[in-house]
Amino acid sequence: MSNVSRRVWLGRLAVLAGIAGLSLRRAGATAPKATKQAARYQDRPNNGRMCGMCKYFIAPGGAAGSGMRGGTMGPGMMQAGSCQLVQGRISPMGYCDFYAPLSD
Ligand code: SF4
């Protein structure tokens, strides 16, 4: 395979990957979540940063970003919830490498 044909082939592959991604989104498919190990999740805060203050945290019965607002804990904030990005039950006091503050 020459360099030119390889470039064309890679370009077509990128277009197909983009189409496949759009199709999955239209079908309502969700991206697979990372394992706790891959996200380097821990059950304790990291320098004051914690899941309850992360935009990906989902409080029990809540929506994403339903963690602490204004530094206060809402109903159920002491119970484990879930995360948009990481598998399993997530403690509001936990932390991982994907942390993103609610204000971002
Ligand atoms: S992305 Fe990480 S820090 Fe944020 S809620 Fe999920 S597990 Fe917690």
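Residue indices begin at 1 and follow the sequence shown. Just so you know, ligand 1 is whichever comes first in the structure, and atom 1 is the first atom listed for that ligand.
No hydrogens or angles considered: nothing links the side chains of D97 and Y95 as a donor-acceptor pair under 3.5 Å.
Each of the atoms 1 (S), 5 (S), 6 (Fe), 7 (S) of ligand 1 lies under 4.0 Å from some heavy atom of C83. Atom numbering of ligand 1 starts at 1 in the shown order; those under 4.0 Å from a heavy atom of F57 are 5 (S).
Not one N, O or S atom of C51 sits under 2.8 Å from atom 6 (Fe) of ligand 1.
Separation of atoms SG (C83) and NZ (K36) is listed at 10.0 Å; rounding is to 0.5 Å. Once rounded to the nearest 0.5 Å, the distance linking SG of C54 with CZ of R49 reads 11.0 Å. Put simply, OH on Y99 and NZ on K55 are 11.0 Å apart, with the number rounded to the nearest 0.5 Å.
In this structure a side-chain-to-backbone donor-acceptor pair under 3.5 Å is missing from Q37 to R40.
The single protein non-hydrogen atom nearest to atom 2 (Fe) of ligand 1 is C96 SG, 2.3 Å, given as residue, atom name and distance. Ranking the protein heavy atoms by distance from atom 4 (Fe) of ligand 1 puts C54 SG, 2.3 Å first.
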